[in-house]
Protein chains: 2
Amino acid sequence: MALDHAILVSLLEKPGSGYELARRFDRSIGYFWAATHQQIYRVLKRMEGDGWIDVREVAQDDRPDKKEYSVAAPGRAALTAWLHEPIEPETVRHELAVKIRAAAFDDPAALVHEVERYRRAHADRLTRYLAGERRDFTGPEAPGTLDAGQELQHVVLRGGIAYERMTLDWLDDVLATLRRLGSPR
Amino acid sequence: MALDHAILVSLLEKPGSGYELARRFDRSIGYFWAATHQQIYRVLKRMEGDGWIDVREVAQDDRPDKKEYSVAAPGRAALTAWLHEPIEPETVRHELAVKIRAAAFDDPAALVHEVERYRRAHADRLTRYLAGERRDFTGPEAPGTLDAGQELQHVVLRGGIAYERMTLDWLDDVLATLRRLGSPR
DNA sequence: CTTGTCTATGCAACGAGTTGCATACCAGGA
DNA sequence: TCCTGGTATGCAACTCGTTGCATAGACAAG
């Protein structure tokens, strides 16, 4: 149930409403933990009931009012406790790998177009990551100018970049294999 | 709901019982789509009810009897239909990335031991992948000896190997960053 | 002859995630 | 004035995944 903790981290980085959190989960933190606004609103309600977070009604002139959440002491304690628990191995759900194996019972070449589309999506994501890195983590500053939070966000982003690069290389391998199997010898 | 399809692929590769499928999901196909025996038995029951798979009671002398499942025509049709659907972008759930960002609000160095343990788990997995590759995909055969199914299994496995290598490199980066932030300047 | 381990299947309860829908405020353009 | 689109919150129903437990046959070790 790490959605709780992902939300707590996001709120510690910056308090905000459910709507704002949902948008952060569409970029930034959501690159590593996906969530919809439905999940977020539900968890916020529960954590508020448990006293993990505080609410503040914020009236806005130019748009609907919102509820701004921030982390309370019990929430912060829960996050610290979770941080000291063992790291669970990720449960993998890689649909494409299943489809590739399924292609053995169909026409491998038929997958090519979908894989190409999928590859473009990953290329786009890499572009976004690199743009984010340029924006947030390079500049005129000397090394050591970033605080711990920024350093840690950067190392996570570097992981995302490495993942996308590795994925693009692998997808080229996949495409070559599919084309080879699809064409007659 | 790709568990259905992962099971169908596994049964097409080789018919088997729920128990045998559960063991396959602990290695091989389960490296890319995790599932417990509970999920598997439930889905098998549903797919049998829908006529996607056939059952055959197999009496065994030296152990309890089992039910061997194999894919029926409607199941195969469902798999083909699924294969031609668009590939969904994976939904990422990367607990470690969340923990790293959470570490900004705690002691970054406290994560080091857990990350080291996590790194060892990935190193072990890479070792298993490489052993599997040596066992199944290298040998005296000339290129072109493998059938399409084996080629496709191999390219999926190469993806797993690339993922683990990338992850190990990234974890070294993570460890260096955590140590740097934990030690006084 | 009991205990443990592996094979083999399954139920029940709960928790997490998905999908579709509903409401409402506010601004700007047709 | 109505319609669209962005902001903002939420319910209900459903499916999927997790956890804990239960049963039972076969065999090997103590």
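By convention in this document, chain letters (A, B, ...) are assigned in the order of the sequence lines, proteins followed by strands, and residues within each chain are numbered from 1.
Taking atom CZ on A/Arg93 and atom P on C/dA16, their separation rounds to 15 Å, with Å as the unit. The interatomic distance linking A/Gln39 (CD) with C/dG20 (C1') rounds to 15 Å, in whole Å. In this structure, CZ of B/Phe25 is placed 16 Å from C1' of D/dT18, rounded to the nearest angstrom. The CG-C1' distance, from B/Asp62 to C/dT5, rounds to 15 Å in whole Å. Straight-line distance from the CZ atom of A/Arg42 to the P atom of C/dA16: 9 Å, rounded to whole Å. Protein atom CD of B/Glu88 is 15 Å distant from nucleotide atom C1' of C/dG17, rounded to whole Å. Protein atom CD1 of A/Ile40 is 11 Å distant from nucleotide atom P of C/dG17, rounded to whole Å. For the pair A/Arg46 CZ and C/dG17 C1', the interatomic distance rounds to 13 Å; values are reported in whole Å.
Environment of CG in A/Asp62: crowded, with over 12 heavy atoms of neighbouring residues, nucleotides or ligands closer than 6.0 Å.
Ring pair B/Phe137/B/His154 is parallel by interplanar angle, where below 30° counts as parallel and above 60° as perpendicular. Ring geometry for B/Trp170 versus B/His94: interplanar angle over 60°, hence perpendicular rather than tilted (30 to 60°).
Looking at B/Glu151 and A/Arg180, a side-chain N of the basic residue comes within less than 4.0 Å of a carboxylate O on the acidic one, giving a salt bridge.
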- prompt: When every nucleotide of nucleotides 2-11 of chain D is labelled 5' to 3' by its protein contacts under 4.0 Å (heavy atoms), B for base, S for sugar-phosphate only, - for none, what sequence of letters results?
  reply: -----BBBBB

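Within the 3.5 Å criterion, the main-chain N or O of B/Trp82 finds a donor-acceptor partner in the side chain of A/Lys99.
Along DNA chain C, the nucleotide closest to A/Trp33 and the one closest to A/Asp61 are compared, and the more 5′ of them pairs with A/Trp33.
Cluster membership for B/Tyr129 and A/Val92, using ILVMFWY side-chain heavy atoms within less than 4.5 angstrom, is not shared.
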